[in-house]
S.K.: 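The structure is given below, and queries will be raised subsequently.
Order of the sequence lines sets the chain letters (A, B, ...), proteins ahead of strands, with each chain counted from 1. Quantities reported herein were computed from a predicted structural model and do not represent experimental measurements.
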There are 2 protein chains.
Amino acid sequence: MPETARLSGNRYGNRPTMKDVAARAGVGLKTVSRVVNGEPGVTPETERRVQEAIEALGFRRNDSARVLRKGRTASIGLVLEDLADPFYGPLSRAVEEVARAHGALLINGSSAEDPDREQELALALCARRVDGLVVIPAGDDHRYLEPEIKAGVATVFVDRPAGKIDADCVLSDNYGGARDGVAHLVAHGHRRIGFIGDMPRIHTAAERLRGYRAALEDAGIPVADAWMSLGVTTPERVRRAAEEMLSGPEPVTAIFTGNNRVTVTVIRVLAEHARRVALVGFDDIELADLLQPGVTVVAQDAAALGRTAAERLFRQLDGSLVVPERIELPTRLITRGSGELPPAD
Amino acid sequence: MPETARLSGNRYGNRPTMKDVAARAGVGLKTVSRVVNGEPGVTPETERRVQEAIEALGFRRNDSARVLRKGRTASIGLVLEDLADPFYGPLSRAVEEVARAHGALLINGSSAEDPDREQELALALCARRVDGLVVIPAGDDHRYLEPEIKAGVATVFVDRPAGKIDADCVLSDNYGGARDGVAHLVAHGHRRIGFIGDMPRIHTAAERLRGYRAALEDAGIPVADAWMSLGVTTPERVRRAAEEMLSGPEPVTAIFTGNNRVTVTVIRVLAEHARRVALVGFDDIELADLLQPGVTVVAQDAAALGRTAAERLFRQLDGSLVVPERIELPTRLITRGSGELPPAD
DNA sequence: CCCGCCCGTGACAACGTTGTCCAGGCTCTA
DNA sequence: TAGAGCCTGGACAACGTTGTCACGGGCGGG
């Protein structure tokens, strides 16, 4: 029985296809296609019959097949570090909104800060033939994307620049922001200012460190190694680093923290600490205004990063963009109290 | 020139296909397929030639085409309310991790709490032939998914139950959690307790309200309408609602807030308020322990919700799951100070 | 009244992949 | 040495859709 053979195909649920709809409506395959896509050239009567068959069978167009034929998938990929991080939520949402405005869906994946996983994800997305790729780099070598980009996959890097290839980047002004933040502490009389941040291997961390150094240099303050703690990631290590800076013969009177996770941990340490220590953090954190004192931060606009990147991506797809560019978005110093505390010694 | 004609197909970037690789390697099409998929039956020498051609051309298998042939897309869809909400970030991440463990990618979309948009998104995902769908409902009628489910799309609802269809649901114990939270306030001597939450149209809001009523009833406290504010969503309206409850001849001495957004706004209002008012909030919020006083909350485990739902989804796909079930995960009361304040009158 | 044009419709190929099946050449054994 | 069996490799169809083209009938104009 060939009928049964066809029905027991490889699809689990055996969805009806245009062929089935056509058979039921007693029309040709292409006519169904026309109705489904709202193309002109179908009599109202024929259209009604087709619609009826569609209803009855519960037909839904298979976009996978459509995509195969048309060449564009109307979907874009987003590779980020961790969707659960409050910084990436708004970014991701902003990318999604732009995609939606262009009729595209968003596929996203978390690299967990692992370069191999970033590559695996990005290439998997390319295999799905996403039209474009927004990448928040975990690694620093993106040559693996060269064939893809050459093949027409629009690509924009966000938050951190691409490594070893020439591509569009949308970044925050990490250097300037950190410099401003630290200068703010200097302006309030601090001379011994600590820095706790990520590994300088990560571009943003390196830039913020550079800003920190520049601000101290501007003020003619020599930088002590004991004030800097780089590459600490776990809360325990951040805690230890902070406590070390705050003890000893020449403790710091202020701390500049390199990202939101570090900031939160340092707030906890300072809350238990007797002496009042000033704090400025990179990245805004929720409820920062309600703490005692409010937390002064250098805020990035995560949504703007995502939006800008996605818009650029679609302009690449339009063909209206050719030359890769590096865009830097400004940061904003938000004073809330913790950064305005005077030195406690 | 047929060569050129073929090359100027509909694809923008004209990626090489297995046919191109086969031609270059001087082998048959299927042999390339075998190499790409690691199937046995290819001499090392032939395999080397094929690999070489793949390298040279920058070939990458087109998974869209593969999917069309195989019937499974190895991707699942997640429809949530807002990726930028700190509650959904971890949930989404948890779903992604489970998907990854099963070799699937995650496509997600935000409904913005709009039922029409939820439907549009869910159906778009079905058109892409996702293998399964995790939905955080915005609407309360999901009959539109019936044909899809019948056709074999695995479906799990999270956070809120499905409307008007019988399907798997993974929920928090909203009723029990709210009841415990309010009972906690009662136990600390409060008799006039306010409730600020979402529209009861939303299942979670209704359940939490029910828990609130039950706790008061348990304590023999009659519920006053003036204590309840339902359907307030914007910060301004939350603020107004809170201020109304706190003024008048018989002001509330404690407030129970129905979700994290409301909680945050109410914290702001209370911070400006002279009298000490107790507060218990549904949903945990970051830094809640660092505020003065710490914020007592009824915490849900967003990651566990996502993980449980996704695991159930894949068990549906395995075929090891047949009967729809409703799973309720427990909540946890975390006492931090604000819920233990005594009545201030 | 007849020719030509336009409109609605359908047959067919193609998108890039994988499953089926068969052919040819090799080795091993009787 | 011949036959059987195995192993490698390739031709072909199919997945569900859309673009191309051709066909037939109705209508308007000459």
Side-chain angles (χ1 to χ4, degrees), chain A residues 2 5-23 25-50 54 57 59-74 126-129 151, chain B residues 2 5-23 25-50 53-54 57 59-74 126-129 151-152:
Chain A
R6 198 182 62 71
L7 283 172
S8 62
N10 52 9
R11 276 211 66 74
Y12 176 58
N14 260 130
R15 306 206 57 143
T17 72
M18 284 193 178
K19 204 158 141 192
D20 301 322
V21 174
V27 301
L29 185 55
K30 182 64 217 227
T31 301
V32 177
S33 172
R34 272 190 271 261
V35 171
V36 169
N37 294 296
E39 286 171 28
V42 182
T43 352
E45 163 57 15
T46 309
E47 172 158 3
R48 195 190 52 72
R49 283 222 313 284
V50 172
I54 289 177
L57 297 174
F59 167 80
R60 180 167 313 284
R61 183 179 63 196
N62 183 334
D63 276 356
S64 294
R66 175 166 217 247
V67 147
L68 179 60
R69 189 62 228 261
K70 304 211 90 153
R72 284 286 173 101
T73 58
C126 289
R128 298 295 174 105
R129 293 294 187 271
Chain B
R6 199 183 61 71
L7 283 173
S8 62
N10 53 9
R11 276 212 65 75
Y12 177 58
N14 260 128
R15 305 204 59 141
T17 72
M18 285 193 178
K19 204 160 143 189
D20 301 323
V21 174
V27 301
L29 185 54
K30 183 64 216 233
T31 301
V32 178
S33 171
R34 272 191 271 263
V35 171
V36 169
N37 294 296
E39 288 171 27
V42 183
T43 4
E45 163 57 13
T46 309
E47 170 156 5
R48 195 191 51 72
R49 284 222 315 283
V50 172
I54 288 177
L57 296 174
F59 167 80
R60 181 168 312 284
R61 184 179 63 196
N62 183 334
D63 275 355
S64 292
R66 175 166 217 249
V67 147
L68 180 59
R69 187 65 228 257
K70 303 210 90 151
R72 284 287 174 99
T73 58
C126 290
R128 299 297 175 102
R129 293 294 186 271

S.K.: Atom CG of L29(A) to atom C1' of dT20(D): distance rounded to whole Å?
M.R.: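 Those two atoms, CG and C1', are 14 Å apart.
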
S.K.: Expressed in angstrom and rounded to an integer, what is the separation of K70(A) atom NZ from dA13(C) atom C1'?
M.R.: 17 Å

S.K.: Side-chain contact test, heavy atoms from C-beta onward, threshold under 4.5 Å: evaluate it for N62(B) versus R15(B) and give yes or no.
M.R.: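 No; the side chains remain at least 4.5 Å from each other.
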
S.K.: Kindly say whether T73(A) contributes a backbone atom to a donor-acceptor pair with the side chain of R128(B) at under 3.5 angstrom?
M.R.: yes

S.K.: Can you list the residues that meet the salt bridge (Lys or Arg N to Asp or Glu O under 4.0 Å) rule with R61(A), with sequence neighbours excluded?
M.R.: D63(A)

S.K.: Looking at R66(B), does any N or O in its side chain come under 4.0 Å of the phosphate oxygens OP1/OP2 on dT18(C)?
M.R.: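 Yes, because at least one side-chain N or O of R66(B) sits under 4.0 Å from OP1 or OP2 of dT18(C).
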
S.K.: Looking at K19(B), is its backbone amide N or carbonyl O close enough to the side chain of T17(B) to form a donor-acceptor pair, meaning the two atoms are under 3.5 Å apart?
M.R.: yes

S.K.: Side-chain contact, heavy-atom cut-off 4.5 Å: R66(A) with V36(A)?
M.R.: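 Not in contact.
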
S.K.: Just N and O in the side chain of R61(A): are any of them under 4.0 Å from OP1 or OP2 of dT18(D)?
M.R.: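 Yes.
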
S.K.: Mind checking whether R129(B) and V67(B) have side chains closer than 4.5 Å, heavy atoms only?
M.R.: no

S.K.: Look at S33(B) and dT17(C) and indicate whether a side-chain polar atom (N or O) is within less than 4.0 Å of OP1 or OP2.
M.R.: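 So the side-chain polar atoms of S33(B) never come under 4.0 Å of the phosphate oxygens OP1 or OP2 of dT17(C).
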
S.K.: What parts of residues 34-48 of chain B reach DNA chain C, counting only heavy atoms under 4.0 Å away?
M.R.: N37(B), E39(B)

S.K.: Go nucleotide by nucleotide along DNA chain D from the 5' end; which of T31(B) and M18(A) gets its closest nucleotide reached first?
M.R.: T31(B)

S.K.: Starting at NZ of K19(B) and ending at P of dT18(C), how long is that distance when rounded to a whole Å?
M.R.: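 It is 15 Å, rounded to the nearest whole Å.
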
S.K.: Distance check needed: dT8(D) C1' versus R49(B) CZ, whole Å only.
M.R.: 12 Å

S.K.: Mapping A65(B) and V27(B) onto DNA chain D by nearest heavy atom, which one lands closer to the 5' end?
M.R.: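 So the residue in question is V27(B).
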
S.K.: For D63(B) and dG16(C), what is the distance between atoms CG and C1' respectively, to the nearest whole Å?
M.R.: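 In whole Å, dG16(C) C1' lies 11 Å from D63(B) CG.
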
S.K.: If you take atom types as modelled and just measure distance, does the side chain of K30(A) reach the base of dG19(D) with a donor-acceptor pair under 3.5 Å?
M.R.: yes

S.K.: So do R49(A) and V27(A) actually touch side chain to side chain, heavy atoms under 4.5 Å?
M.R.: yes

S.K.: Quick one: R69(A) CZ to dC12(C) C1', roughly how many Å, whole number?
M.R.: 11 Å

S.K.: Round to a whole Å and report the spacing from CZ of R72(A) to C1' of dT18(D).
M.R.: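 For the pair R72(A) CZ and dT18(D) C1', the rounded distance is 17 Å.
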
S.K.: Which of the following nucleotides, dT18(C), dT17(D), dC15(C), is nearest to the side chain of L68(A)?
M.R.: dC15(C)

S.K.: Figure out the CZ/P separation between R128(A) and dG16(C), and round it to whole Å.
M.R.: 18 Å

